[in-house]
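In what follows, residues are counted from 1 in the order of the sequence shown. If you're wondering where the values come from, they're calculated on a predicted model, not measured in any experiment. Indexing begins at 1, ligand by ligand and atom by atom, following the structure's order.
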Amino acid sequence: MGEYVTLHYAGREFQLPLVEGSQGEKAIDISRLRQDTGLITLDPGFANTGSCRSAITFVDGERGILRYRGIPVEQLAERSTFKETAYLLINGVLPTQQEQTRFSVLLNDNSLVHEDMKTFYQNFPRSSHPMGILSAMVNALRSFYPEIQNLEEEINITVTRLLSKVRTMAAMSYKISRGHTVVYPRPDLTYCANFLNMMFDSPVRPYELDPDVVKALNVFLILHADHEQNCSTAAVRVVGSARVNLYAAISAGIAALWGPLHGGANQAVIEMLQDIVVKKNLGQAVARAKDRKDAYRLMGFGHRVYKTYDPRAKIMKRMVHLLLEKLRLSDPLLEVALELEEIALKDDYFVEHHLYPNVDFYSGIALRAIGIPTNMFTVLFAIGRLPGWIAQWKESMDDPDWKLCRPRQVYAGPAERPYVSIEER
Ligand code: ACO
């Protein structure tokens, strides 16, 4: 018999089995808890709850380790491309040359967006946030591409369509928001080069692709490609558990990612740094973040899982320096960010709370250098996270233990009471 923990309750003894992951992480299997004991668990924010077994991404928050399908993210950022990393996450292995070529052809073949979708874009109010538009448009894709009966074929084509079209749709929304002509994808360009060209090429100023900028975008997207059961991925899995179509599940993920405590933090960091530069109030910002009575937080600091420096932030910080140097740019926000980090890492409050820069702290500075407007930052995160969401959704579809996600609650409302008519109230 394997290991178990013993629970003593109501004069009885219950044995709860322990399960162990491939990296030695242990968990109590409580799947029979309610059935056997009548008890449920209470875990706000699911901070202690494993929702599935997963073979996609390994994170060790204490040691600052992140691996996709076993491969350290540092190696992927250094040597891989986003397209190859996407393939790895979704298929579990790196592609052969032949598989890579076929994947590229499929992505190219599916890169156009139905022309009728342009009218949708044009009718959103100009002030709409691109994340709201992207979430709505990804959901709308189902109407343009109805379901195919063969399940395997349906999944394969939907995955390819999403990977390719979301990139086109993101660039398209930017062009339309500026009142400019949409730039179409080009089959001769790589995944990231194509995105940059669709964003920035124009008849009056042809976009010159810089290999270092293309590399920087690849690194940015690789660093965001998956992060196990985070808020938006959990949303994709929970919504997907109702066996909804993949477009709808991804649309839910995009909506979750939009939040400033999650992916929206990259935009919030830049707004915070800009505010500090304008008001010259760095000391006050740090003091406010430490004040329990003040809801203000240092955006881009802290993480539910990492209790040490986020490995992605380390790579991002290095990349920002290289990129600015290459582009001969100096960004006052980088100066403030470096100063803020230095102060925070020496401050007792941040040390005691294990608050370190997360992936979003430096990413916005990289995106600014590339020319991405601030309100598109989280859209870039969504393009990056897409293969992770898809891989996690696929894994959940194939999981023999998978059930409809339906948490329980501890009811804290009034006991039964009679209805009172309006005249008697
Ligand atoms: N600034 C100041 N204090 C903070 C911060 C911060 N950025 N983050 C956490 N804390 C403090 C909290 O006030 C709390 O203090 P207390 O225990 O004295 O009351 C303690 O640290 C724990 O905070 P929680 O919110 O319970 O921690 P949780 O794990 O739920 O939060 C989160 C993680 C949401 C990321 C949080 O650190 C935060 O809000 N950070 C800023 C937003 C951000 O950068 N989000 C991006 C995360 S990365 C990603 O999603 C891609």
Q: Would you please determine whether Gly45 falls within less than 4.0 Å of ligand 1 on a heavy-atom basis?
A: no
Q: Establish, yes or no, whether a centroid distance under 6.0 Å links the rings of Tyr306 and His227.
A: yes
Q. Under 4.0 Å from ligand 1, counting heavy atoms only, is it the side chain of Asp360, its backbone, both or neither?
A. side chain
Q) Going by the order shown, which atoms of ligand 1 are within less than 4.0 Å of some heavy atom of Met299? A) 42 (C), 44 (O)
Q) Does the protein put any heavy atom within less than 4.0 Å of atom 27 (O) of ligand 1? A) no
Q. Looking just at side-chain N and O atoms, do Thr41 and Asp43 make a donor-acceptor pair shorter than 3.5 Å?
A. no
Q: Please verify whether a non-hydrogen atom of Phe361 lies at under 4.0 Å from ligand 1.
A: no
Q: Below 4.0 angstrom from a heavy atom of Phe381, which ligand 1 atoms are there? Numbered from 1 as shown, please.
A: 51 (C)
Q: State whether the shortest distance between N or O atoms of Gly300 and N or O atoms of ligand 1 falls below 3.5 angstrom.
A: yes
Q: Determine whether more than 12 heavy atoms belonging to other residues, nucleotides or ligands lie under 6.0 Å from atom CD of Glu99.
A: yes
Q) Tell me, which protein residue and heavy-atom name are nearest atom 50 (O) of ligand 1, and how many Å apart are they? A) His262 ND1, 2.9 Å
Q. Among Thr158, Leu141, Leu162, which residue meets the side-chain contact (heavy atoms from CB on, under 4.5 Å) test with Ile250?
A. Leu162
Q: Output the list of atoms in ligand 1 that are nearer than 4.0 Å to some heavy atom of Gly302, sorted by atom number.
A: 35 (C), 37 (O)
Q. Just wondering, are more than 12 heavy atoms of other shown residues or ligands nearer than 6.0 Å to CZ in Arg408?
A. no
Q: List every atom of ligand 1 that sits less than 4.0 Å from any heavy atom of Ala265, numbering the atoms from 1 in the order shown and giving each element.
A: 43 (C), 44 (O), 45 (N), 46 (C)
Q: Mind checking whether Asn358 contacts ligand 1 via backbone (N, CA, C, O), side chain (CB onward), both or neither, at a 4.0 Å heavy-atom cut-off?
A: side chain
**Q.** Non-hydrogen atom of Tyr349 closer than 4.0 Å to ligand 1
**A.** yes
(Q) Is the shortest side-chain heavy-atom distance between Ile315 and Val73 below 4.5 Å? (A) yes
Q: Report yes if His353 has an N/O atom closer than 3.5 Å to an N/O atom of ligand 1; otherwise report no.
A: yes
Q) Among side-chain atoms of Trp389 and Ser232, is any donor-acceptor pair under 3.5 angstrom? A) yes
**Q.** Which residue and heavy atom of the protein sit nearest atom 1 (N) of ligand 1, plus the separation
**A.** Leu298 N, 3.1 Å
(Q) Heavy-atom distances under 4.0 Å decide this one: backbone, side chain, both or neither, for Arg297 against ligand 1? (A) both
Q) At a non-hydrogen distance cut-off of under 4.0 Å, which region of Leu355 contacts ligand 1 (side chain, backbone, both, or neither)? A) side chain
Q) Among all protein non-hydrogen atoms, which one is nearest to atom 41 (C) of ligand 1, and what is the separation to 0.1 Å? A) Phe301 O, 3.4 Å
Q: Note the single closest protein heavy atom to atom 29 (O) of ligand 1, along with its residue, its atom name and the distance in Å.
A: Arg304 NE, 2.9 Å
Q: Could you find the nearest protein heavy atom to atom 45 (N) of ligand 1 and give me its residue, atom name and distance?
A: Leu261 O, 2.9 Å
Q.
Can you name the atoms of ligand 1, numbered from 1 with element, that are less than 4.0 Å from a heavy atom of Ala289?
A. 2 (C), 3 (N)
Q) For atom 9 (C) of ligand 1, is the nearest protein heavy atom closer than 4.0 Å? A) yes
Q: Taking the side chain as every heavy atom from C-beta outward, state whether Glu271 and Met299 have any pair of such atoms under 4.5 Å apart.
A: no
Q: Indicate whether any N or O donor in one side chain lies under 3.5 Å from an N or O acceptor in the other, for Thr233 and Asn230.
A: yes
(Q) Looking at Asp60 and Arg67, is there a salt bridge between them, counting it only when a charged N and a carboxylate O are closer than 4.0 Å? (A) no
Q) Numbering the atoms of ligand 1 from 1, which are under 4.0 Å from a heavy atom of Arg292? A) 16 (P), 17 (O), 18 (O), 19 (O)
Q. Does Lys314 pair with Glu74 as a salt bridge, N-O distance under 4.0 Å?
A. no
(Q) Can you tell me if Phe120 has over 12 outside heavy atoms packed within less than 6.0 Å of its CZ? (A) no
Q: Please indicate whether Glu325 has more than 12 foreign heavy atoms, meaning atoms of other residues, nucleotides or ligands, lying under 6.0 Å from its CD.
A: no
Q) Is it the side chain, the backbone, both or neither of His303 that has a heavy atom closer than 4.0 Å to ligand 1? A) both
Q: Check whether more than 12 heavy atoms from other residues, nucleotides or ligands sit under 6.0 Å from atom CD of Glu25, and answer yes or no.
A: no
**Q.** Arg312 N/O under 3.5 Å from ligand 1 N/O
**A.** no
